[in-house]
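These notes concern the structure reproduced below.
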Amino acid sequence: MARPQICLVLFSLYSLFHLPSLTASGAHPAYADQPSCSAVSSDSTPLRREEFDGGRIIDITHFYRPDMPAWESTEGVGQFLWLPKSMTNGSLANNSEMKLGAHTGTHVDAPGHVFQHYFEAGFDVDTLDLAVLNGPALLVDVPRDSNITAKVMKALNIPRGVRRVLFRTLNTDKQLMWKKEFDTSYVGFMRDGAQWLVDNTDIKLVGIDYLSVAAFDDLIPSHLVFLESREIILVEGLKLESVKPGIYSLHCLPLRLRGAEGSPIRCIVID
Ligand SMILES: *[C@@H]1O[C@H](CO)[C@@H](O)[C@H](O)[C@H]1NC(C)=O
Ligand SMILES: *[C@@H]1O[C@H](CO)[C@@H](O)[C@H](O)[C@H]1NC(C)=O
Ligand SMILES: *[C@@H]1O[C@H](CO)[C@@H](O)[C@H](O)[C@H]1NC(C)=O
């Protein structure tokens with residue numbers, strides 16, 4: 001008696017969360033077109049995915065983990081999730097708590113990050129323009145032998161009108177986001193590269209594949225150049241390893257953390 005009811009509940013939950021995969025053609029092979037009750041209830045292993053809908057949607061966010069790199073630390077992010085209320089010790093439900101630096105993993109910078117007057121005026125992540133964070137974006141490969149200087153920017157030849165660019169660099173080849181130890185030799189923008197971008201392109205969203213868009217040697221100067229106008233949004237720590245260069249529809253949503261100059265952000269690209 002109880003069994004069919006459980007099946008029904010599971011199926012409803014399944015439908016709620018997986019409706020797009022059910023309706024789209026060429027769904028992920030792990031999903032049957034019409035999930036049978038047994039397929040849902042017998043498979044208790046969570047499906048971890050970097051891509052959805054047969055590769056049409058790619059998650060370019062790093063999942064949060066204790067051994068992901070943290071700024072200037074050899075120890076990584078460390079424990080950030082606890083379970084103060086647990087069903088194993090009598091609670092009605094599991095309730096986790098987390099403590100995370102606002103610039104951890106895949107994250108966004110707001111103007112208040114490097115400008116005290118912007119911070120005081122309230123230019124936090126809740127003021128960022130969702131129209132900039134969502135829209136067509138170009139993924140480009142940066143030559144692997146240099147940081148992003150004016151010369152490199154010029155050579156990339158990014159046409160005017162392109163408003164969002166994800167810069168894939170040597171950081172991806174070196175898998176720096178998968179290494180616990182912070183690496184100061186990561187590739188990023190030198191001041192003149194940032195200035196060239198501001199002066200000669202229409203780019204309003206700059207994405208990069210390590211914890212900072214600015215090279216370590218030009219850390220603050222490059223951030224200042226990017227964030228001064230409050231028109232450019234910086235998305236850092238992106239997972240770009242399995243995305244081909246080209247144009248995608250980018251969707252990035254930060255948390256609405258009022259008062260915070262940074263926030264974890266979920267970013268996906270849709271082909
Ligand atoms: C319940 O268990 C968790 C870990 O499983 C522990 O952190 C927490 O303190 C426990 N809570 C109580 C009320 O015992
Ligand atoms: C949380 O709840 C699930 C489902 O009841 C249970 O299996 C699991 O052991 C709980 N997790 C912890 C860490 O208590
Ligand atoms: C980029 O700059 C960093 C210092 O910020 C340096 O350690 C690194 O070697 C440079 N990378 C390349 C490819 O030139």
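When a ligand or atom number is given, it counts from 1 through the structure's own listing order.
With ligand atoms numbered from 1 in the order given, ligand 3 contributes 5 (O) to contacts under 4.0 Å with heavy atoms of A215.
In the hydrophobic clustering (ILVMFWY side chains linked at under 4.5 Å, chained through shared members), L92 stands by itself.
Considering both main-chain and side-chain atoms, D217 comes within under 3.5 Å of ligand 3 through a nitrogen or oxygen pair. For ligand 3, one of its N or O atoms has an N or O atom of F216 under 3.5 Å away.
A 6.0 Å sphere centred on CD of Q116 holds more than 12 heavy atoms belonging to other residues, nucleotides or ligands.
Note that the CZ atom of R168 and the CZ atom of R144 stand 6.5 Å from one another [nearest 0.5 Å].
Look at R163 and D202 and you find no salt bridge, because none of the NZ, NE, NH1 or NH2 atoms lies under 4.0 Å from a carboxylate O. Between D126 and R256, at least one side-chain nitrogen of the basic residue sits less than 4.0 Å from a carboxylate oxygen of the acidic one, meeting the salt-bridge criterion.
Here the shortest heavy-atom distance to atom 8 (C) of ligand 3, taken over S212, P143, S185, belongs to S185.
Among all non-hydrogen protein atoms, the one lying nearest atom 10 (C) of ligand 3 is N147 ND2, 2.5 Å. Atom 13 (C) of ligand 3 has its closest protein heavy atom at S146 N, 3.6 Å.
The proximity of D218 to ligand 3, defined as any non-hydrogen pair under 4.0 Å, does not occur for either the backbone or the side chain.
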Side chains of residues 187-198: which donor-acceptor pairs under 3.5 Å do they make with residues two or more places apart or in other chains?
| residue | atom | partner | partner atom | Å |
| --- | --- | --- | --- | --- |
| D192 | OD2 | A150 | N | 3.3 |
| Q195 | NE2 | D199 | OD1 | 3.1 |
| Q195 | NE2 | D199 | OD2 | 3.3 |

